[in-house]
Amino acid sequence: MDASSLPSTKGKPIGNRSKIVKRYLNLAYVMPALLLFILFSLLPIIRTVQYSFTNFNGVNPNYQFVGFKNYAAAITDTRWWEAVGNGVIFALLSLVFMNTIALLLSVAANSNIRGGKFYRVVFYIPPILSGIVVGYIWKWIYEPKGLLNGVLRDIGLDQFTHVWLGSIYTALYAVAVSSMWQGVGGSFILFLAGLQGIPKDLYEAASIDGASRSQQLRYITIPSLRKVYTLVNILTILGALGIFNHVYAMTMGGPGYATEVPALRIYREAFTNSDFGMANALSLIFGIMLFILSLIQLKLSQKKD
C-alpha cells in the first residue's frame with residue numbers, strides 16, 4: 001500500500017493544542033466577570049443567609065446562632081407587614097397610572113408628531129437622575145410654603161392647600177407621585193422599543209378597514225406589546241416594592257409609619273436597631289416574595305399567550 005494513501009496525522013497535535021489554548025483564553029476572558037459575581041453577589045448572599053440565623057449586631061464578631069428565631073419574629077411583626085402593604089400600594093399605583101401614562105406617551109412619540117425625538121429624550125431624563133435628589137426636590141414642592149401650595153393659592157384654591165407629607169392620609173400618595181414621575185421614563189423606553197417592532201402593515205390594513213386610532217390601540221398595539229408589558233410589569237413591581245430613596249429623602253417613613261416600606265424597614269433594623277440578624281432575615285423573606293411574584297407574572301403571561 002502506498003504511504004501517500006494513508007490518512008495524514010500531520011498537524012493534529014498542534015490543532016489539539018490550539019483548541020486547548022483557545023479554551024483557556026475564553027476562560028480567561030470570563031474569569032474577571034465570574035470573580036466579580038462571586039465576590040459581590042454570591043458571597044454576600046451566602047453571608048446574608050448565615051447572619052439571618054444569628055444575633056449579629058453588625059459590630060461584635062462573637063455572635064450566636066439563634067435558629068429560626070429571627071424568621072419567627074419577622075413573620076409575626078405587624079410593622080413589617082404594614083410596610084409590605086405600603087409597598088403593594090406603590091406597586092398598584094405604578095401599574096395602573098405610571099404604566100398607562102408611559103404607554104400613551106410612547107404611542108404619541110412613536111407617531112409622526114413634530115418634535116418626537118425631542119420628547120423621547122425629555123421623557124427619559126427623570127430615570128437617570130438620582131433618586132435622593134428627586135426626593136428632595138419633591139419634598140420642597142410639597143412643603144407647606146412650597147411650589148404646590150403656592151400654585152393653589154395663586155389660582156384661588158386656598159382651601160385645597162395641605163401639609164402633604166405631614167398627613168397620614170396624603171403622605172403615601174405624595175411619595176408615590178414623585179416615584180411615578182421618575183419611573184415613567186423607564187417604562188416609556190421599553191414600550192417605545194416594543195412599538196417599533198410592530199409591523200406598519202398592520203396599522204395600514206386597519207386604517208383601510210376603517211379602524212379608528214382607539215381601535216388600533218386596542219386590537220393591534222396592546223396585544224402586540226403583551227410580552228413587553230409583562231417585562232414592564234415585573235420591573236415595575238420589583239421597583240415599586242423595593243422603593244427606598246424617595247421615602248428616605250421625603251418622609252423617612254413618617255408621619256409615624258404611614259410611608260414605611262420594606263427596604264426602609266430592613267435599613268432601620270440594621271442601622272438603627274443594630275439587629276443585622278433580623279435585617280438579613282427580612283431581606284431573605286422579601287427577596288423570596290419578589291421572586292414568587294415574578295414567577296406568577298411570567299406564568300400568567302404564558303397562559304395568555
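Model, not experiment: these values are computed from the prediction.
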| request: Please name the pair of heavy atoms, one in L202 and one in I220, separated by the smallest distance, quoted to 0.1 Å. | output: O-CD1, 3.6 Å

| With the 4.5 Å side-chain cut-off for hydrophobic clustering, are I189 and V121 part of the same group? | no

| field | Worked check of side-chain contact (heavy atoms from CB on, under 4.5 Å) between W138 and V177 | value | CA-CA 9 Å; W138 277 90; V177 169; 3.9 Å; yes

| task | Sort and list the pairs that fulfil side-chain hydrogen bond (donor to acceptor under 3.5 Å, both in side chains) and have at least one residue in residues 173-188, not counting sequence neighbours. | result | N99-S187, Q182-H246

| Single-linkage hydrophobic cluster L93~V184, side-chain heavy atoms < 4.5 angstrom | yes

| request: Sequence neighbours left out, what pairs pass salt bridge (Lys or Arg N to Asp or Glu O under 4.0 Å) with at least one residue falling in residues 152-171? | output: none

| message | Would you say CZ of F65 has more than 12 non-hydrogen atoms from neighbouring residues, nucleotides or ligands within 6.0 angstrom? | response | yes

| field | Rounded distance [0.5 Å steps], CE in M289 versus CD1 in I237 | value | 12.0 Å

| said: Listing request: all side-chain hydrogen bond (donor to acceptor under 3.5 Å, both in side chains) pairs with a residue in residues 63-85, at least two apart in sequence or in separate chains. | reply: Q50-Y63, S52-Y71, D77-R265, R79-Y257, R79-E260

| task | Keeping the roles fixed (side chain from T161, backbone from L157), state whether a donor-acceptor pair exists under 3.5 Å. | result | no

| query | What is the distance from atom CG of L192 to atom CZ of F188, rounded to the nearest 0.5 Å? | reply | 5.0 Å

| Does the side-chain contact (heavy atoms from CB on, under 4.5 Å) test come out yes or no for L284 and N280, once each step is laid out? | CA-CA 6 Å; L284 287 172; N280 284 303; 5.6 Å; no

| task | Specify the closest pair of heavy atoms between I243 and A263, including all atoms of both residues, with the distance to one decimal. | result | O-CB, 3.7 Å

| request: Might you work through the side-chain contact (heavy atoms from CB on, under 4.5 Å) test for I198 and Y203, ending with a clear yes or no? | output: CA-CA 9 Å; I198 301 176; Y203 293 103; 3.7 Å; yes

| task | Kindly say whether V59 contributes a backbone atom to a donor-acceptor pair with the side chain of N57 at under 3.5 angstrom? | result | yes

| query | What class does the angle between the rings of F53 and F68 fall in, given that below 30° is parallel, 30 to 60° is tilted and above 60° is perpendicular? | reply | perpendicular

| Would the Y51 and F276 ring centres measure less than 6.0 Å apart? | no

| said: Once rounded to the nearest 0.5 Å, what's the spacing between atom CG of L92 and atom OG1 of T236? | reply: 11.5 Å

| Steps toward side-chain contact (heavy atoms from CB on, under 4.5 Å) verdict (L225, L103) | CA-CA 10 Å; L225 291 177; L103 176 61; 3.7 Å; yes

| message | Within the 4.5 Å heavy-atom criterion, are L105 and Y119 side-chain neighbours or not? | response | no

| request: Enumerate the residue pairs fulfilling salt bridge (Lys or Arg N to Asp or Glu O under 4.0 Å) with a member in residues 24-35, sequence neighbours excluded, ordered by first and then second residue. | output: none

| Do L129 and L147 share a hydrophobic cluster, counting only Ile, Leu, Val, Met, Phe, Trp and Tyr and linking them when any side-chain heavy atoms are less than 4.5 Å apart? | yes

| query | Under the 3.5 angstrom rule, does the side chain of N233 hit a backbone N or O of L95 as a donor-acceptor pair? | reply | no

| query | Which value, rounded to the nearest 0.5 Å, describes the distance between L35 atom CG and F40 atom CZ? | reply | 10.5 Å

| task | Under the ring-ring contact (aromatic ring centres under 6.0 Å, His included) rule, collect the residues that match up with F244, sequence neighbours excluded. | result | Y248, Y267

| said: Looking at every non-hydrogen atom in both residues, tell me the closest pair between S212 and S214 and how far apart they are. | reply: OG-OG, 3.1 Å

| Gap separating the CG atom of N86 from the OG1 atom of T259, nearest 0.5 angstrom | 7.0 Å

| Which residue pairs pass the side-chain hydrogen bond (donor to acceptor under 3.5 Å, both in side chains) test with at least one member in residues 143-152, sequence neighbours excluded? | N149-W164

| said: Under 4.5 Å between side-chain heavy atoms, counting indirect links through other Ile/Leu/Val/Met/Phe/Trp/Tyr residues: same cluster for M252 and I89 or not? | reply: yes

| message | Measuring from atom CZ of F90 to atom CE of M180, what distance do you get when rounded to the nearest 0.5 angstrom? | response | 9.0 Å

| Heavy-atom pair with the smallest gap, counting every atom of P44 and I38 | CD-O, 4.2 Å

| query | Minimum heavy-atom separation for S167 to P255, with atom names? | reply | C-CG, 3.8 Å

| request: Tell me whether L298 is reachable from L241 by hopping between hydrophobic residues (I, L, V, M, F, W, Y) whose side-chain heavy atoms are closer than 4.5 Å. | output: yes

| request: Compare every heavy atom of F160 with every heavy atom of L152, then report the nearest pair and how far apart it is. | output: CD1-O, 3.6 Å

